[in-house]
K.L.:
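Here it is: the structure, laid out below.
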2 protein chains.
Amino acid sequence: MAWNTERTRELLLAAATEEFSAKGLAGARVDRIAAAAGVNKERIYQYFGKKDELFDAVLAAEMVRVMTEVPITGSGPESFGEYAGRLFDRHTTDGVLPRLLFWEGLERGGDTVSRATRSDHCAIKVGQVLEVLPGIDRTDAADLLITVITLCDGWPVLPQIDTLLAGSSADRTTRRRAFIVRTATLLAEALAAEAKPAPEAALN
Amino acid sequence: MAWNTERTRELLLAAATEEFSAKGLAGARVDRIAAAAGVNKERIYQYFGKKDELFDAVLAAEMVRVMTEVPITGSGPESFGEYAGRLFDRHTTDGVLPRLLFWEGLERGGDTVSRATRSDHCAIKVGQVLEVLPGIDRTDAADLLITVITLCDGWPVLPQIDTLLAGSSADRTTRRRAFIVRTATLLAEALAAEAKPAPEAALN
DNA sequence: CGCAATTGCAACTACCTGGTTGGAATTGCG
DNA sequence: CGCAATTCCAACCAGGTAGTTGCAATTGCG
């Protein structure tokens, strides 16, 4: 054996991540990925099979990365709101994962090739929510997560909406962040209050 | 003069809407649009210039259509929540506009060609929010709209997220709708309360 | 050093793309 | 009916695509 095969793989994966994020599955060019990685074209087919499978590898890796980089910790609605803020920041400074997710949703209509590995990590995420907001319904936890993810991921992908509706003031990002954090906290509070009814107020 | 030129235009626009929604700007095929419209290829270039401009025409038309079909009416937070529900329904039964918006955001990075006409209609929308929730800040109204639009539009485009996080139970759509309506109502209540401080409770 | 695994190179296939062109056919107003 | 505007048809262009192949060069373990 010879060569550092692992390094070649990672170079390709990194270049592919950039390319797919920018241009999508159909728009990405295999030649460009190989050139950016400084690696020959056929390595892609050797290591990942075809374009589609390379995209899968990229998306899975990126999901796991972000999920571990931005954990849900602490306890109570405030903590959950603060998580939303961190996720927002992460996506604002690096919009790769949001873009990959929306590309996948649009170009493949949700028919993921390798759903298996990813769903495990997602289950962990729902578990984290239940730890921070104990007692709430599992379905509500999932919906809460979906809401926050949709809001944080949608922001870097839909700059038009913001410009059209709110104009282009300098600190739009700051305002949007604050609004999302507020939304997340508010929702978490509502669900938590419902889980363990307050001493004075009953259900409703 | 002869021929029904207006009809030709509309046939092309309808076919293009379908094609662009499904495949995006880069993925759409001019030949396929022409064939679906039962019209010859060069008509597209004659009427709309190039592919890009056809996309603009499609997106503008679709935005105006949905905006007029789903107005923001009534008064109070409940009314706003009900608007969110109607928007959700509209996008769930016909996901064309959401897809077009996300395609544009991803493929053109927010650099819209014809922003002018669309921004007018958006200003109207913000105005409608201010009528339903009088007294709230204009920026908050915009953020409220952006939030609801992101949630309602993101849903049909990101089926993966839902499947991964919440499983694939039969009534996911119903649950998601309820959660979004609740979120919209909750936010509207919070902003309205802030606008005209309650008799008993002061600011904060 | 030797040798097998890995890689670079460059050409190649087979096909698809947006956009254009020239001429013939169709339409319906006046 | 005449005629001009509109449309169809079919070929065409220049360029780009994913994926493959055969061969020579490089690498580093044993």
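Protein chains get the first letters and strands the later ones, always in sequence-line order, with residue 1 at the start of each.
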K.L.:
Please confirm whether the backbone N or O of Lys23(A) pairs with a side-chain atom of Trp103(A), one donor and one acceptor, at under 3.5 Å?
P.N.:
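Checked: no pair found.
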K.L.:
In this structure, how many angstroms lie between the C1' atom of dT6(C) and the CD1 atom of Ile44(A), rounded?
P.N.:
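Spelled out: CD1 on Ile44(A) to C1' on dT6(C) is 16 Å.
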K.L.:
Mind calculating the distance between CG (Leu11(A)) and C1' (dT6(C)) to the nearest angstrom?
P.N.:
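Going from CG in Leu11(A) over to C1' in dT6(C) covers 14 Å.
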K.L.:
Is the number of heavy atoms from other residues, nucleotides or ligands under 6.0 Å of Glu82(A) CD greater than 12?
P.N.:
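Check passes, neighbour count above 12.
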K.L.:
Could you tell me the separation between the NZ atom of Lys51(B) and the P atom of dT20(C), rounded to a whole number of Å?
P.N.:
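Whole-Å distance recorded here is 14 Å.
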K.L.:
Sequence neighbours left out, what passes side chain to side chain contact (heavy atoms under 4.5 Å, CB included) with Glu62(B)? Give chain and number order.
P.N.:
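Once residues adjacent in sequence are excluded, the partners of Glu62(B) under the side chain to side chain contact (heavy atoms under 4.5 Å, CB included) criterion are Thr17(B), Arg65(B), Val66(B), Arg90(B), Asp94(B), Val96(B), Leu97(B), Leu100(B).
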K.L.:
Nearest whole Å is fine: how far is dA18(D) P from Leu54(A) CG?
P.N.:
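Value for this atom pair: 11 Å.
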K.L.:
Mind checking who dC23(D) pairs with, Watson-Crick or G-U wobble, both distances under 3.5 Å?
P.N.:
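In the structure as shown, dC23(D) has dG8(C) as its Watson-Crick or wobble partner.
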K.L.:
Can you check each nucleotide of nucleotides 7-14 of chain D against protein heavy atoms at under 4.0 Å and return B for base, S for sugar-phosphate only, - for none, in 5' to 3' order?
P.N.:
BBBB----
K.L.:
Under a 3.5 Å limit for both distances, which nucleotide forms a Watson-Crick or G-U wobble pair with dG30(D), could you say?
P.N.:
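Looking at the geometry, dG30(D) pairs with dC1(C).
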K.L.:
Answer yes or no: are there more than 12 heavy-atom neighbours, outside Arg177(A) itself, under 6.0 Å from its atom CZ?
P.N.:
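Yes.
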K.L.:
Can you sort out the partners of Ala190(A) under side chain to side chain contact (heavy atoms under 4.5 Å, CB included), two or more places apart, ordered by chain and number?
P.N.:
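For Ala190(A), the residues satisfying side chain to side chain contact (heavy atoms under 4.5 Å, CB included) (neighbours in sequence not counted) are Arg182(B), Leu186(B).
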K.L.:
Which pairs, with at least one residue in residues 148-167 of chain B and sequence neighbours excluded, count as a salt bridge (charged side-chain N to carboxylate O under 4.0 Å, His left out)?
P.N.:
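Salt bridge (charged side-chain N to carboxylate O under 4.0 Å, His left out) check on residues 148-167 of chain B returns Asp162(B)-Arg172(B).
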K.L.:
List, one per line, each side-chain donor-acceptor pair under 3.5 Å for residues 71-81 of chain B, sequence neighbours excluded.
P.N.:
unit_1   : atom_1 : unit_2   : atom_2 : d
Ser79(B) : OG     : Ser75(B) : N      : 3.1
Ser79(B) : OG     : Ser75(B) : O      : 3.2

K.L.:
Glu107(A) and Lys51(A): salt bridge (Lys or Arg N to Asp or Glu O under 4.0 Å), yes or no, with the steps?
P.N.:
CA-CA 13 Å; Glu107(A) 303 194 85; Lys51(A) 206 187 181 189; over 6 Å; no
K.L.:
Return the residues of residues 15-32 of chain A meeting this criterion: a heavy atom under 4.0 Å from some atom of DNA chain C. Order them by number, or give none.
P.N.:
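Heavy-atom contacts with DNA chain C come from no residue of residues 15-32 of chain A; none.
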K.L.:
Would you mind reading off the distance between Tyr45(B) atom OH and dT17(C) atom P, rounded to a whole angstrom?
P.N.:
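Taking OH of Tyr45(B) and P of dT17(C), I get 11 Å after rounding.
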